[in-house]
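Every chain is numbered from 1 and lettered A, B, ... according to where its sequence line falls, protein lines coming before strand lines.
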2 protein chains.
Amino acid sequence: MEEYLDIFRKNFLFSGLSDEEISRMLVCTDAREKSYASGEYVLRRGDTVSEISILAEGRLHIQREDYWGNRSIVSDVRIGEVFGESYALPESGVLMNDVVAAENSIVISLDCHRLLSPCSSSCPFHSRAIMNLISILAGKNRMLVRKIGHLSERTTREKLISYLSDEALRQKSGSIDIPFSRQQLADYLAVDRSAMSKELGKMRDERLLETHKNHFELFSVFQEFS
Amino acid sequence: MEEYLDIFRKNFLFSGLSDEEISRMLVCTDAREKSYASGEYVLRRGDTVSEISILAEGRLHIQREDYWGNRSIVSDVRIGEVFGESYALPESGVLMNDVVAAENSIVISLDCHRLLSPCSSSCPFHSRAIMNLISILAGKNRMLVRKIGHLSERTTREKLISYLSDEALRQKSGSIDIPFSRQQLADYLAVDRSAMSKELGKMRDERLLETHKNHFELFSVFQEFS
DNA sequence: AAGAATATGTTGTTTTTGCAACAGAAGGAG
DNA sequence: CTCCTTCTGTTGCAAAAACAACATATTCTT
């Protein structure tokens, strides 16, 4: 567990805590480590959870697949990020989505009840972690609202522009790397892969952008549309 | 301010607090009341906020409108609900959406910093409110994920089915009232109003549902599709 | 109650998407 | 290196959505 200390140090949940406090927190919240092979399910739609989880290694997708195999990716979880926190409190109901390892991954789970319980006399750093949790929830909230903004666009082109310019803003550059393959990007934007490919082709013809695998170059005319 | 006590009593943010504690909380967080006429902007995209707000009267829409007037409704805020909380912490960046009064409305704003500050010696109920805030954020998170589920459906019909069956589940009945006009429902599901009207007509012809203004009757065959 | 303003339903046309099938490219395994 | 699998781009076609324009209904105002 201690080998992930550098991840925990950078983790929002533990921000402001010393190494010593992080270690005590891990014990206090009954932290458990588990590995998943790429493609394996970490959590399933319909599960009830009472743990807050941190991704220590690999990459995960929060996604959903319907009866006919149509997949839709809600979000992408990267190293150090927290997931499951919105469903960990009592009365939260069951998970709405599957969590799947996009690569071989290692997950650390913390008991939510113990994390939130005010054993404040012994663990003064709990209150810090609770504030951090509020930040994490608020941040995730804003991420979801941004994604709703992309999905609310009507056409495939508009969705692409909305997503790519948002990503460019975040990466502070018109030269961006995205965390998705083409199929995954289509699943994320809820459009057909081949239609999206077609649209990207047209945008390339119109010199709006250039693509090399997961790398996108957005040209200056691009911003006129966003 | 005291006249809204019954709303505060039912409010998630204050749940578990006595009337006395609620009153002290209102003072402690510098609560302010403001009225808005229907159609008036409560908050605007690009604003920075440091208050958590509660809707005491009326109804609000969290929405966004692009240059061409295409509106998209992110969510509907009802009496007693909290809004703005995800953008109230420092470092949250600017608001992504407008907040507009859908009816004449009254809003109470609480200073977020004071709400969260651990003046625990004098206000032991702060910690309770903080836990409540976590519940609210987690709940809103789940709401947004559900909405993403609706928007991720490909066709207008699938979006309608996804939304209506979710609403039926929530209202625990196939006979439901929705908080939107037709145009607003279209804006919420990010589809064209007339196309949606057409689709609702077809579904009526197929005896999947019946509509009377904002009231929907979902027939038993409906569930086969959801 | 009358008239204006707004909301809803309807229809036809144009554009976009979804789907299916395939070919070339890239990547991995032996 | 070669075979095999997966990924990406392309095309044609059928289905669906967006758009526009209009008719009817409903609500609001005075």
Side-chain angles (χ1 to χ4, degrees), chain A residues 37-39 61 66-73 100 102-104 150-163 177-206 208-216 225, chain B residues 37-39 61 66-73 100 102-104 150-163 177-206 208-216 225:
Chain A
S38 178
H61 282 166
D66 71 16
Y67 183 78
W68 295 271
N70 298 311
R71 184 168 40 203
S72 128
I73 298 178
V100 182
E103 304 170 0
N104 294 332
H150 306 146
L151 290 180
S152 296
E153 299 291 339
R154 303 307 167 85
T155 67
T156 299
R157 172 176 295 216
E158 286 169 340
K159 287 179 183 177
L160 281 167
I161 290 175
S162 177
Y163 169 71
D177 290 298
I178 66 170
F180 298 123
S181 71
R182 289 292 184 276
Q183 180 63 63
Q184 290 169 344
L185 179 59
D187 291 340
Y188 180 80
L189 296 177
V191 296
D192 180 71
R193 182 194 60 78
S194 77
M196 187 186 81
S197 210
K198 200 186 296 186
E199 200 58 44
L200 280 172
K202 280 197 228 164
M203 292 170 82
R204 183 145 19 89
D205 293 345
E206 297 173 26
L208 290 176
L209 50 74
E210 203 60 63
T211 72
H212 310 92
K213 311 194 14 160
N214 296 348
H215 185 81
F216 285 66
F225 295 84
Chain B
S38 179
H61 282 165
D66 71 14
Y67 183 78
W68 296 271
N70 298 310
R71 185 168 39 204
S72 129
I73 298 178
V100 182
E103 303 169 1
N104 293 334
H150 305 147
L151 290 180
S152 296
E153 299 291 339
R154 303 308 170 85
T155 67
T156 298
R157 172 175 295 214
E158 286 169 341
K159 287 179 182 176
L160 281 167
I161 289 175
S162 177
Y163 169 69
D177 290 299
I178 67 170
F180 297 123
S181 71
R182 289 293 184 275
Q183 179 63 62
Q184 290 170 344
L185 179 58
D187 291 341
Y188 180 81
L189 296 177
V191 296
D192 179 72
R193 181 193 60 77
S194 79
M196 188 187 80
S197 208
K198 199 186 296 185
E199 200 59 46
L200 281 172
K202 280 197 227 163
M203 292 170 82
R204 183 145 18 87
D205 293 344
E206 296 173 30
L208 290 176
L209 51 75
E210 203 62 61
T211 71
H212 309 92
K213 311 192 15 162
N214 295 348
H215 185 81
F216 285 66
F225 293 84

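Residue A:S197 places no side-chain N or O under 4.0 Å from the OP1 or OP2 atom of D:dT8. An OP1 or OP2 oxygen of D:dT27 is reached within less than 4.0 angstrom by a side-chain nitrogen or oxygen of B:K213. Contact check, B:S181 against C:dT8: a side-chain N or O comes under 4.0 Å of OP1 or OP2. Within the structure, a side-chain polar atom (N or O) of A:R182 is placed less than 4.0 Å from OP1 or OP2 of D:dG9. Distances shorter than 4.0 Å separate none of the side-chain N or O atoms of B:T155 from OP1 or OP2 on D:dA16.
Counting non-hydrogen atoms under 4.0 angstrom, A:T156 reaches the backbone sugars and phosphates but no base. Among the heavy atoms of the strands lying under 4.0 Å from B:R193 is at least one base atom, whether or not backbone atoms are also near.
Residue A:L160 contributes atom CG, which lies 14 Å from atom P of C:dT16 at whole-angstrom precision. Rounded to an integer number of Å, the gap from CZ of B:R71 to P of C:dT6 is 12 Å. In this structure, A:K159 atom NZ and C:dT16 atom P are separated by 14 Å, rounded to whole Å. Atom P of nucleotide C:dT10 and atom CE of B:M196 are separated by 13 Å, given to the nearest angstrom. The interatomic distance linking B:D192 (CG) with C:dT11 (P) rounds to 16 Å, in whole Å. To the nearest angstrom, P of C:dA23 lies 18 Å from NZ of A:K198. The distance between atom CZ of A:F180 and atom P of D:dT8, rounded to the nearest whole Å, is 13 Å. Here D:dT8 presents its P atom at 11 Å from CG of A:L200, a figure rounded to the nearest Å.
Salt-bridge formation is detected for the pair B:R157/B:E199: a Lys NZ or Arg NE/NH1/NH2 atom is positioned less than 4.0 Å from an Asp or Glu carboxylate oxygen.
B:L209 places a side-chain heavy atom less than 4.5 Å from the side chain of B:L200.
Expressed to the nearest 0.5 Å, how far CZ of B:F216 lies from CZ of B:R204 amounts to 9.0 Å.
For the pair B:H150 and B:S162, the tightest heavy-atom approach, listed with the atom from each and the gap, is CD2-OG, 2.6 Å.
Counting only distance, with no hydrogens or angles, the side chain of A:S38 and the backbone of A:N104 share no donor-acceptor pair below 3.5 Å.
When each of B:A195 and A:Q184 is assigned the nucleotide of DNA chain D with its nearest heavy atom, A:Q184 is the one assigned upstream, toward the 5' end.
Side chain of A:E199, nearest nucleotide from C:dT17, C:dT11, C:dG18: C:dT17.
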